[in-house]
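So the structure is just underneath, and the comments pick up after that.
This is a predicted model, so every value here is computed, not measured.
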Amino acid sequence: MKHIKIVDITKTVKFLEQEVEIKQLTVKGIKDLQLSLDTTKGATDIGGLATLSIIFKATVIGADEMTDEDFEKFPIQALTKLSNDILVFNGLGATDDKGETLGK
């Protein structure tokens, strides 16, 4: 399968009434994300915000340039919805047979 060209797969989703582009992570991307998450295990992660920030910065196009202070300005509800969209797009979220998110 070496002949298959690896391409970035992205999707545009709504965030704060605007559009942002999210990307699907590769296996290596998931492993790198897991390593980043492992480094926060000992730190205080109030409500999972550090985890959410790491996922956000790894998957939202352009967010890797944001500081933690920039991230903290977003409303938590909007971040939660976006993180759910990210998880579903990366095959890690629970959806029904129509692609709708379970547990709404």
Side-chain angles (χ1 to χ4, degrees):
M1 292 189 38
K2 289 187 177 193
H3 68 283
I4 295 178
K5 181 180 178 186
I6 304 299
V7 296
D8 289 333
I9 300 171
T10 62
K11 176 181 177 180
T12 302
V13 296
K14 290 279 189 184
F15 178 66
L16 295 175
E17 302 300 322
Q18 300 166 60
E19 292 185 341
V20 296
E21 194 172 10
I22 59 175
K23 63 182 175 181
Q24 279 188 350
L25 296 174
T26 62
V27 172
K28 181 180 180 341
I30 294 286
K31 286 180 175 181
D32 291 345
L33 182 62
Q34 185 62 49
L35 284 173
S36 295
L37 293 172
D38 287 346
T39 62
T40 64
K41 280 186 178 178
T44 303
D45 188 5
I46 300 171
L49 291 177
T51 300
L52 190 57
S53 174
I54 290 169
I55 293 170
F56 184 84
K57 290 175 184 179
T59 56
V60 178
I61 306 294
D64 57 338
E65 301 167 1
M66 294 178 61
T67 65
D68 289 339
E69 291 78 25
D70 293 332
F71 177 79
E72 291 171 356
K73 294 176 184 175
F74 293 121
I76 189 67
Q77 185 175 12
L79 286 170
T80 301
K81 181 180 178 331
L82 179 59
S83 68
N84 195 39
D85 291 342
I86 291 166
L87 291 173
V88 169
F89 187 58
N90 278 279
L92 303 171
T95 58
D96 64 16
D97 59 350
K98 296 178 184 169
E100 296 295 319
T101 304
L102 296 176
K104 282 187 177 179

Set of side chain to side chain donor-acceptor pair (under 3.5 Å) partners for E21, sequence neighbours left out: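 Result, side chain to side chain donor-acceptor pair (under 3.5 Å) vs E21: T10.
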Residues which pass side chain to side chain donor-acceptor pair (under 3.5 Å) with T26, listed by chain and number, not counting sequence neighbours: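 Side chain to side chain donor-acceptor pair (under 3.5 Å) check on T26 returns nothing, list empty.
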Looking at residues at least two apart in the chain, or sitting in another chain, which of them share a ring-ring contact (aromatic ring centres under 6.0 Å, His included) with F71?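 F71 satisfies ring-ring contact (aromatic ring centres under 6.0 Å, His included) with F56 once adjacent residues are dropped.
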Nearest 0.5 Å please: distance from the CD atom of E19 over to the NZ atom of K11.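 So the gap between those two atoms works out to 12.0 Å.
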Once rounded to the nearest 0.5 Å, what's the spacing between atom CG of L79 and atom CD of E72? 10.5 Å
Specify the closest pair of heavy atoms between A58 and L25, including all atoms of both residues, with the distance to one decimal. O-CD2, 3.8 Å
Search all heavy atoms of F15 against all heavy atoms of L82 and return the closest pair with its distance. CD1-CD2, 3.6 Å
Report, as yes or no, whether the 6.0 Å neighbourhood of atom CG on D64 holds more than 12 heavy atoms from other residues, nucleotides or ligands.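 Buried by this count: over 12 neighbours within 6.0 Å.
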T80: side-chain contact (heavy atoms from CB on, under 4.5 Å) partners, not counting sequence neighbours: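 For T80 the side-chain contact (heavy atoms from CB on, under 4.5 Å) partners, ignoring immediate neighbours, are I76.
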Quick one: list whatever passes side-chain contact (heavy atoms from CB on, under 4.5 Å) with L16, sequence neighbours left out.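 Applying side-chain contact (heavy atoms from CB on, under 4.5 Å) to L16 gives Q18, F74, P75, A78.
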For the hydrophobic clusters of this structure (ILVMFWY residues joined by side-chain heavy atoms under 4.5 Å, transitively), does one cluster hold both I61 and I54? no
Identify, with sequence neighbours excluded, every residue that meets salt bridge (Lys or Arg N to Asp or Glu O under 4.0 Å) alongside K81.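 Scan of K81 (salt bridge (Lys or Arg N to Asp or Glu O under 4.0 Å), adjacent residues dropped) gives D85.
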Beyond-backbone contact of T59 with N90, side-chain heavy atoms, under 4.5 angstrom: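 T59 reaches N90 side chain to side chain.
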Determine whether I30 and V27 make a side-chain contact, defined as any pair of heavy atoms from C-beta on separated by less than 4.5 Å. no
Below 4.0 angstrom, N of the basic side chain to O of the carboxylate: do K57 and D68 qualify?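 Salt bridge between K57 and D68, a charged N being under 4.0 Å from a carboxylate O: yes.
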Among I22, I55, V13, which residue satisfies the side-chain contact (heavy atoms from CB on, under 4.5 Å) criterion with V60?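 It is I22, the one option of I22, I55, V13 that forms the side-chain contact (heavy atoms from CB on, under 4.5 Å) with V60.
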